[in-house]
Q: 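Following this message is one structure expressed as structure tokens.
In listed order, ligands and their atoms are each counted from 1. Predicted, not measured: the structure shown is a model, and the values here were computed from it.
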Amino acid sequence: MNDVIVIGGGPSGLHTAGLLADSGLDVKLFEKKNRIGEDILCTGIIGKEAFERFGLKEDSILSELAYMNMVSPSGTSLRYDHGKVFACVVDRKKFDLNLAHKALSCGAQIFTGTRVENIRNAGDYIEVSSFSKKRGETRHRAKIAVLATGIEYCLHKKIGLGYPKNYINGAQVELDVINGEGPLIMVGSKVAPGAFAWNIPVRKNRTRLGLITEKDAAFYLKKLVSSLYPEKVTALESEQFLSKIIAQGPVSKTYSHRVIAVGEAAAQVKTTTGGGIYYGLLCSKIAAETILRKFPTDSFELSDLSEYERSWKKAIKRELLVGYFARRTCGRLGDKEVEKLFQLAKTNGVFPLIRERGKFDWQVDLILELAKKASIPSLKTLIKI
Ligand SMILES: Cc1cc2nc3c(=O)[nH]c(=O)nc-3n(C[C@H](O)[C@H](O)[C@H](O)COP(=O)(O)OP(=O)(O)OC[C@H]3O[C@@H](n4cnc5c(N)ncnc54)[C@H](O)[C@@H]3O)c2cc1C
């Protein structure tokens with residue numbers, strides 16, 4: 001019998017495992033991929049604040065963002081200068097490996113190449129069946145399980161947990177080209193319908209080009225690569241234009257008897273951008289604190305674990321709701337209306353407001369202030385939220 005089983009070795013699972021092991025619990029983590037940090041589709045942008053808040057090592061940082069260029073549907077360019085670094089771009093493999101090393105050094109055991117296939121609540125404990133090529137099928141027991149499976153929800157269904165009803169599509173490629181323009185955001189119905197695209201330099205001669213859209217992200221990404229770097233399209237195999245769904249929350253029932261879900265497995269992902277690392281780490285901390293409080297008395301009934309959902313919703317539910325509505329509202333604006341917003345940004349004191357109120361991972365206050373300034377009726381409805 002283990003104290004805790006964590007399923008999934010992304011940032012959320014690894015951070016939860018590390019925090020629990022550091023407090024003396026006996027933690028096993030199962031990851032289906034053969035290596036931590038393997039095959040990840042992510043741009044790796046994280047608010048600067050995260051490093052101090054979560055005690056993260058900074059050696060995974062590839063570049064820092066202190067300004068952003070923005071291009072409107074008609075090609076109007078705007079530069080926003082924040083005056084100081086607001087976010088960092090990380091090497092996700094190194095980032096995840098750092099979290100894994102920390103968890104291991106605190107005493108957690110990590111089993112890679114091990115897929116959890118079933119989970120069963122047996123009353124006094126939780127039972128998990130896993131399969132790996134090395135060990136075949138094995139069963140494990142623990143007092144509580146943490147589901148940190150990212151966008152995979154098969155286990156949720158077996159144990160009665162909630163899962164998201166809404167998703168967006170994300171796609172990205174990393175190209176060996178010199179991005180002389182610096183970090184760039186692009187919008188417009190022909191570029192990324194429903195959301196936006198980005199081109200972020202990560203090293204001297206590499207750039208991450210990606211986008212989120214309501215649908216067909218890989219199609220729009222290929223189109224974007226052909227327009228910005230036509231010489232790269234034929235060189236890239238079509239399978240390199242990978243896309244992935246991204247959860248849009250909030251969801252309810254992120255806990256059940258002896259089970260808690262964290263990170264993207266609980267749709268704890270920014271609804272404006274699809275970024276999930278920061279909220280995943282934040283909610284992992286809330287999950288670990290709840291488990292540590294309940295562990296001495298083995299109080300893992302529904303009524304005991306409900307405080308986990310109350311706490312994480314208190315922290316980020318409003319961000320998720322307002323962000324979702326703002327992204328959808330902006331995503332439905334026509335290109336002409338988007339052009340108007342670009343004009344507004346040039347003239348109406350928008351940038352000073354962003355400098356003053358903008359926080360990379362906490363956006364509600366700024367969104368509501370901007371909605372007040374916008375002369376577009378559909379945006380004004382945001383203020384009522
Ligand atoms: C194109 C794109 C760009 C993105 N860019 C950013 C960005 O710049 N910044 C940002 O913050 N976020 C970004 N994201 C989102 C970010 O990648 C995720 O939100 C983040 O990885 C979620 O972390 P997690 O630990 O919750 O889940 P994951 O990182 O998905 O980890 C879940 C892990 O669980 C494992 N797993 C699943 N099922 C099982 C099972 N049954 N048994 C064992 N293991 C299992 C998976 O293999 C996986 O390793 C981006 C996403 C996309 C698609």
Q: What atoms in ligand 1 come closer than 4.0 Å to a heavy atom of G263?
A: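 Those qualifying, in numeric order: 26 (O).
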
Q: Just heavy atoms, cut-off under 4.0 Å: does C154 contact ligand 1 by side chain, backbone, both, or neither?
A: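 Answer for C154: neither.
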
Q: What are the atoms of ligand 1, with element, lying closer than 4.0 Å to any heavy atom of I45?
A: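 Result: 7 (C), 8 (O), 9 (N), 10 (C), 11 (O).
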
Q: Classify the ring geometry between H82 and F86 as parallel (under 30°), tilted (30 to 60°) or perpendicular (over 60°).
A: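 The rings of H82 and F86 stand perpendicular, inter-plane angle above 60°.
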
Q: Using distance alone, determine whether I277 and ligand 1 share an N or O pair under 3.5 Å.
A: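 Looking only at distances, the answer is yes, because the N/O contact criterion of under 3.5 Å is met.
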
Q: Polar contacts were defined as any N/O atom of the residue lying under 3.5 Å from an N/O atom of the ligand; does this apply to K32 and ligand 1?
A: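 Between K32 and ligand 1 (N or O atoms, distance only) the closest approach is under 3.5 Å.
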
Q: So which bit of I7 gets within less than 4.0 Å of ligand 1, heavy atoms only: side chain, backbone, both or neither?
A: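 Side chain only.
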
Q: Tell me the contacting part of A171 for ligand 1: side chain, backbone, both, or neither, using a 4.0 Å heavy-atom threshold, strictly below.
A: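 Within the 4.0 Å criterion, A171 contacts ligand 1 through backbone atoms alone.
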
Q: Between ligand 1 and V269, is the shortest N or O to N or O distance under 3.5 Å?
A: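 By distance alone, the answer is no.
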
Q: Do R79 and Y67 form a cation-pi contact, if we require the NZ or CZ to be under 6.0 Å from the six-membered ring centre and within 45 degrees of the ring's axis?
A: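 Output yes; distance and angle both within limits.
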
Q: Does an N or O from R115, backbone or side chain, lie closer than 3.5 Å to an N or O of ligand 1?
A: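 N/O-N/O distance under 3.5 Å: no.
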
Q: Taking the six-membered ring for Trp, is the centroid-to-centroid distance between F111 and F30 below 6.0 Å?
A: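 Ring centres of F30 and F111 closer than 6.0 Å.
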
Q: Below a 4.0 angstrom heavy-atom separation, can you tell me which part of E152, side chain or backbone, both or neither, approaches ligand 1?
A: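 Only the side chain of E152 comes within reach of ligand 1.
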
Q: What do the steps show when you test W362 against Y278 for side-chain hydrogen bond (donor to acceptor under 3.5 Å, both in side chains), and what is the final call?
A: CA-CA 10 Å; W362 301 101; Y278 185 95; 3.2 Å; yes

Q: Run the side chain to side chain contact (heavy atoms under 4.5 Å, CB included) test on V251 and Y163 for me, step by step, so that the C-alpha distance in whole Å, both residues' side-chain angles and the decisive distance to 0.1 Å come before the verdict.
A: CA-CA 6 Å; V251 296; Y163 50 90; 5.7 Å; no

Q: Please determine whether side-chain hydrogen bond (donor to acceptor under 3.5 Å, both in side chains) holds for the pair Q248 and T271, giving the CA-CA distance in whole Å, both sets of side-chain angles, and the decisive distance to 0.1 Å.
A: CA-CA 6 Å; Q248 297 264 279; T271 38; 5.4 Å; no

Q: Does E264, backbone or side chain, put an N or O under 3.5 Å from an N or O of ligand 1?
A: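 Yes, at least one N or O pair falls under 3.5 Å.
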
Q: Could you tell me, atom by atom, which parts of ligand 1 come under 4.0 Å of a heavy atom of G44?
A: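 Reading through ligand 1 atom by atom, the close ones are 7 (C), 8 (O).
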
Q: Numbering the atoms of ligand 1 from 1, which are under 4.0 Å from a heavy atom of T149?
A: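 By the 4.0 Å cutoff, the relevant atoms are 32 (C), 34 (O), 37 (C), 38 (N), 39 (C).
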
Q: Should the proximity of I246 to ligand 1, defined as any heavy atom under 4.0 Å, be assigned to the side chain, the backbone, both, or neither?
A: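 It is the side chain that gets close, since no backbone atom is under 4.0 Å.
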
Q: Distance to the ring centre below 6.0 angstrom and angle to the axis at most 45 degrees; does that hold for K157 and Y153?
A: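 No, cation not above the ring by the 6.0 Å, 45° rule.
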
Q: Considering E31, E117, K244, R208 one by one, which has a heavy atom nearer to atom 46 (C) of ligand 1 than any of the others?
A: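 Going through E31, E117, K244, R208 one by one, E31 has the nearest heavy atom to atom 46 (C) of ligand 1.
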
Q: Quick check: does Q172 get an N/O under 3.5 Å from an N/O on ligand 1?
A: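 No.
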
Q: Determine yes or no for a side-chain-to-main-chain donor-acceptor pair under 3.5 angstrom, with S130 supplying the side chain and V116 the backbone.
A: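 No; zero donor-acceptor contacts below 3.5 Å.
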
Q: Cation-pi check for F360 against K270: NZ or CZ below 6.0 Å from the six-membered ring centre and within 45 degrees of the axis, yes or no?
A: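 Yes.
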
Q: Provide the number and element of each atom of ligand 1 under 4.0 Å from a heavy atom of S12.
A: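 Listed by number with element, the hits are 23 (O), 24 (P), 25 (O), 26 (O).
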
Q: Has ligand 1 got any nitrogen or oxygen that is less than 3.5 angstrom from a nitrogen or oxygen of G170?
A: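 G170 vs ligand 1: no N/O contact under 3.5 Å.
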
Q: Any chance CG of D124 has more than 12 other-residue heavy atoms, nucleotides or ligands included, within less than 6.0 Å?
A: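 No - once you tally the heavy atoms of other residues, nucleotides and ligands closer than 6.0 Å, there are 12 at most.
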
Q: Is R92 touching ligand 1 with its side chain, its backbone, both, or neither, if touching means heavy atoms under 4.0 Å apart?
A: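 It is the side chain that gets close, since no backbone atom is under 4.0 Å.
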
Q: Could you point out which residue of E31, K32, R135 forms a side-chain hydrogen bond (donor to acceptor under 3.5 Å, both in side chains) with T114?
A: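 Among E31, K32, R135, the one meeting side-chain hydrogen bond (donor to acceptor under 3.5 Å, both in side chains) with T114 is R135.
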
Q: With respect to atom 15 (C) of ligand 1, which of G274, G10, G13 exhibits the smallest heavy-atom separation?
A: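 Closest candidate by heavy-atom distance is G274.
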
Q: Taking 4.0 angstrom as the limit and counting only heavy atoms of T114, give me the atoms of ligand 1 inside it, by number and element.
A: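 Taking each heavy atom of T114 in turn, ligand 1 has 43 (C) under 4.0 Å.
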
Q: Quick check: does any side chain N or O of D96 sit under 3.5 Å from a backbone N or O of K93, one acting as donor and the other as acceptor?
A: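 Such a contact is absent between D96 side chain and K93 backbone.
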
Q: Going by the side chain to side chain donor-acceptor pair (under 3.5 Å) test, which pairs reach into residues 205-217, not counting sequence neighbours?
A: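 Those involving residues 205-217 are E174-R206, E174-R208, N179-T207, N199-T207, E214-R327.
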
Q: Taking 4.0 angstrom as the limit and counting only heavy atoms of A148, give me the atoms of ligand 1 inside it, by number and element.
A: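 In order of number, 32 (C), 33 (C), 34 (O).
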
Q: What atoms in ligand 1 come closer than 4.0 Å to a heavy atom of T43?
A: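 That gives atoms 3 (C), 4 (C), 5 (N), 6 (C), 8 (O) of ligand 1.
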
